[in-house]
There are 2 protein chains.
Amino acid sequence: MNLKELSKITGVSQTTVSRALNGYPEVSEKTRALVNAAAKQYNYQPNTKAQALATGKSKMIGYVLPKASQNEMPNPIFGDFIAGAAQTYGKQGYDTNITLTDSDTQAETYRDLYAKGSVDGIIMQAPKENDERISILKKLGLPFVVHGRSTGSNDYHFVDVNNTHAFVRATNFLVDLGHQRIALINGNENLDFAIRRKHGYLQAHEDRGLNVDTTIMFSSEMTEEFGYHTMTKLLTMKSPPTAALLSSYIMAIGARRAIGEKGLRIGKDFSIVIHDDALSYLPNGSTHPIFTATRSSVGEAGRLCAEILLDAIQKPEQQPRQIILEAELVVGSSTGPAPQHD
Amino acid sequence: MNLKELSKITGVSQTTVSRALNGYPEVSEKTRALVNAAAKQYNYQPNTKAQALATGKSKMIGYVLPKASQNEMPNPIFGDFIAGAAQTYGKQGYDTNITLTDSDTQAETYRDLYAKGSVDGIIMQAPKENDERISILKKLGLPFVVHGRSTGSNDYHFVDVNNTHAFVRATNFLVDLGHQRIALINGNENLDFAIRRKHGYLQAHEDRGLNVDTTIMFSSEMTEEFGYHTMTKLLTMKSPPTAALLSSYIMAIGARRAIGEKGLRIGKDFSIVIHDDALSYLPNGSTHPIFTATRSSVGEAGRLCAEILLDAIQKPEQQPRQIILEAELVVGSSTGPAPQHD
DNA sequence: GTATAAATCCAAAGCGCTTTGAAGGTTTTT
DNA sequence: AAAAACCTTCAAAGCGCTTTGGATTTATAC
């Protein structure tokens with residue numbers, strides 16, 4: 001069923017059908033009712049491609065994800081993020097266009113997406129420090145919002161967690177409990193969020209007059225396995241730390257496994273604070289938190305990104321909106337006073 | 001940069017430009033080179049909407065995901081699945097169109113997707129028993145492949161794991177170790193895969209002449225928390241089981257937590273076999289498996305789905321291709337002989 | 001050298017929609 | 001009753017591409 005057919009059926013011109021359906025005022029209520037009824041009856045849906053071509057708007061939001069590869073994996077938070085964003089998209093009739101690409105060609109992919117006219121706006125994820133993608137997107141003039149942010153430039157929309165502050169607080173929390181040697185198990189430090197968390201960790205150390213020991217600072221892809229291996233390594237040191245900050249729940253799972261294997265008790269023998277993205281399939285305890293954590297919902301971030309982006313698409317020339325979410329510090333049973341030295 | 005401009009620049013007609021770029025033979029190598037060079041220089045990319053409109057192919061694969069809600073959550077395997085699929089899509093220039101919808105309107109969403117001409121084909125996920133979506137997709141004539149399958153009809157493309165057999169083997173493996181009371185912690189049993197796994201579990205019990213105890217069979221959304229609560233419940237029974245089958249790694253993480261809290265040792269005091277989707281961020285041990293598991297890579301399933309779908313799009317009328325992957329049974333340290341009764 | 005075939009190229013139509021500019025029909029005003 | 005104003009509708013152009021059918025040029029055969 002297309003416009004022409006529907007026009008024939010209703011006996012009014014294509015123009016009128018189009019206008020009736022799109023709510024234009026210059027059509028009588030009589031005809032509008034007639035058209036609407038026919039459209040419903042024949043389940044007429046305007047062809048999106050034709051509509052996009054005619055209007056110049058594709059009603060698509062672009063996401064560019066790195067392909068799965070050795071050193072890059074599908075992001076476990078993506079599902080929750082996009083589900084959050086979709087609450088906003090759905091209402092306004094936007095769909096999501098996902099392009100997968102090798103990470104070294106991401107920038108080109110953005111350029112192509114623009115040249116091909118595939119999307120009206122883009123959500124950029126996992127920004128690095130001085131991320132070149134940002135300048136490219138700015139140059140293209142394609143509306144975009146960054147989930148996270150990129151040190152280096154400042155005039156773009158973003159939604160980020162106050163990662164620095166979160167890890168300052170987390171570190172202080174542990175120091176207050178008497179911990180002096182606190183490990184950091186971080187995400188890949190070419191990513192902006194990981195850099196900021198590290199800064200927070202370092203800053204708190206400085207503030208509290210504690211020495212930093214780079215041999216208990218780690219960063220890599222945030223897998224369960226990395227959490228496990230790192231924690232195992234820590235626990236077999238001559239003078240192991242008594243606590244650790246972990247950048248994700250997933251890594252903490254591995255860390256917990258390592259701690260369990262050594263016969264130690266979390267929260268007693270070893271304290272852990274994690275950053276909790278509030279993933280739906282990994283709730284950090286619904287009543288009482290399992291892990292003490294800095295918590296910020298990635299679904300909520302998705303929702304906010306979407307709102308800002310849709311807004312930016314409608315009115316392109318406006319001040320960058322920059323939202324920095326404060327993570328809440330939730331206290332669970334994975335932390336306790338530092339064990340006393342015998 | 002569009003066709004018309006490029007045509008003006010190169011001095012040949014739009015027809016020729018189009019043909020040169022799309023590799024048609026009726027254009028001399030001279031002109032083709034000329035056109036290609038210009039296209040590269042100006043980074044010309046054909047407008048996808050116009051192309052789609054002209055050809056009738058959108059070069060988009062549709063996914064319909066349920067919105068996040070109380071009883072439905074973003075699927076943690078989605079990222080890996082789509083990353084696998086994209087290896088295939090990318091090569092052939094397909095992108096992914098994700099529509100999020102309430103789960104009770106999924107069927108309509110498919111119909112709309114078809115009516116709007118947004119996609120050339122669809123990957124259907126998380127099939128239920130007698131899933132109405134399948135008959136709708138068949139009626140529409142839109143190429144689709146199901147990740148999983150749906151008891152009830154049989155004439156469609158799908159890629160599934162042999163869930164029944166996997167859980168027969170897993171159960172037998174535990175029985176061989178002397179376990180007599182084996183719990184089942186399953187996914188939501190309105191989903192086809194969960195039904196099949198349960199069947200496998202039951203069948204093995206029957207084969208081995210074991211009684212089935214429905215009080216140690218559970219099913220729900222596969223979260224860490226559900227794994228934890230269920231395992232806690234099991235361990236506090238008067239006569240607790242000595243082993244359990246779990247439908248996902250995520251749930252096993254919760255189960256492990258519960259077991260640890262009770263001071264028991266996995267593989268010694270309590271045995272666990274899981275189904276492992278081989279998620280990239282949750283590797284079940286790279287050298288030695290953490291959990292004994294029936295393993296089948298969801299990324300691989302994604303790749304196969306994509307291949308079949310693209311094939312089906314090219315040649316619509318062909319026998320349904322149905323791939324049933326056998327899960328491998330990998331033995332890790334989460335299983336051991338049943339503890340002897342005192 | 002002309003006739004035939006092959007190789008290149010192009011103008012124009014069409015994909016399904018939106019939107020401009022104009023026309024036909026009603027109602028109101030003078 | 002004619003003029004002005006508005007309301008409602010429509011034909012046609014245009015979005016950027018592909019593709020048909022035809023035209024023009026070049027190569028091959030007679």
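A quick note: this is a predicted structure, and the numbers were derived from the prediction, not measured. Heavy-atom basis, side chains included; hydrogens, waters and symmetry copies ignored.
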**OP:** I would like to know whether B:Asn97 and B:Ser118 meet side chain to side chain donor-acceptor pair (under 3.5 Å); could you show each step before the answer?
**Re:** CA-CA 8 Å; B:Asn97 178 316; B:Ser118 307; 4.9 Å; no
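Inspection of the B:Asp192 and B:Ser150 side chains reveals no N or O donor paired with an N or O acceptor under 3.5 Å. Using modelled atom types, one finds a donor on one side chain and an acceptor on the other under 3.5 Å when comparing A:Thr31 with A:Ser28. A side-chain donor from one of A:Asp95 and B:Thr99 sits under 3.5 Å from a side-chain acceptor of the other.
When the P atom of D:dG16 is taken as reference, atom CZ of B:Arg19 falls 21 Å away, rounded to whole Å. Rounding to whole angstrom units, CD of residue B:Gln14 and P of C:dA11 are separated by 9 Å. One can place CG of B:Leu53 at 9 Å from C1' of D:dC15, the figure rounded to the nearest angstrom. Across the protein-nucleic acid pair, B:Glu26 atom CD and D:dA23 atom P stand 18 Å apart, rounded to whole Å. Regarding A:Arg32, its CZ atom lies at a distance of 13 Å from the C1' atom of D:dC7, rounded to whole Å. In this structure, A:Glu5 atom CD and C:dC15 atom C1' are separated by 13 Å, rounded to whole Å. What separates NZ of B:Lys59 from P of C:dC15 is a distance of 21 Å, to the nearest Å. At whole-Å resolution of the value, CG in A:Leu6 and P in D:dT9 are 15 Å apart.
Between B:Thr16 and C:dC10, a side-chain N or O to OP1/OP2 separation shorter than 4.0 Å is present. For C:dT19, neither phosphate oxygen OP1 nor OP2 lies less than 4.0 angstrom from any side-chain nitrogen or oxygen of A:Thr55. Under 4.0 angstrom from either OP1 or OP2 of D:dT18 there lies no side-chain N or O belonging to B:Tyr24. Between B:Asn47 and the phosphate of D:dC15, there is no side-chain N or O to OP1/OP2 separation shorter than 4.0 Å. A close approach under 4.0 Å does not occur between any side-chain nitrogen or oxygen of A:Asn2 and OP1 or OP2 of C:dC15.
For B:Leu3, whose side chain is taken as the heavy atoms from C-beta onward, the closest listed nucleotide among C:dT8, D:dC17, C:dG21 is D:dC17. Side-chain proximity of B:Ala50 to the nucleotides D:dT9, D:dC17, D:dT19 is greatest for D:dC17. Of the candidate nucleotides D:dG14, D:dC17, C:dC9, D:dG14 has the atom nearest to the side chain of A:Ala54. Closest contact between the side chain of A:Pro46 and the listed nucleotides C:dC9, D:dC10, C:dC17 involves C:dC17. Among the nucleotides C:dT8, C:dC10, D:dC17, the one closest to the side chain of B:Ser13 is C:dC10.
Classified by interplanar angle (parallel below 30°, tilted 30° to 60°, perpendicular above 60°), the ring pair A:Tyr89/A:Tyr94 is tilted. The aromatic rings of A:Phe78 and A:Tyr63 lie perpendicular to each other, with more than 60° between the two planes, well past the 30° mark.
Comparing B:Pro25 and A:Lys49, the nucleotide of DNA chain C nearest to each residue sits closer to the 5' end for B:Pro25.
Among the heavy atoms of the strands lying under 4.0 Å from B:Ser18 is at least one base atom, whether or not backbone atoms are also near. The residue A:Gln51 sits close only to the backbone: its heavy atoms come under 4.0 Å of sugar-phosphate atoms, none of a base. Here B:Thr48 lies out of heavy-atom contact (under 4.0 Å) with every strand.
Judged by atom type and distance alone, A:Thr15 reaches the base of C:dT19 through a side-chain donor-acceptor pair under 3.5 Å.
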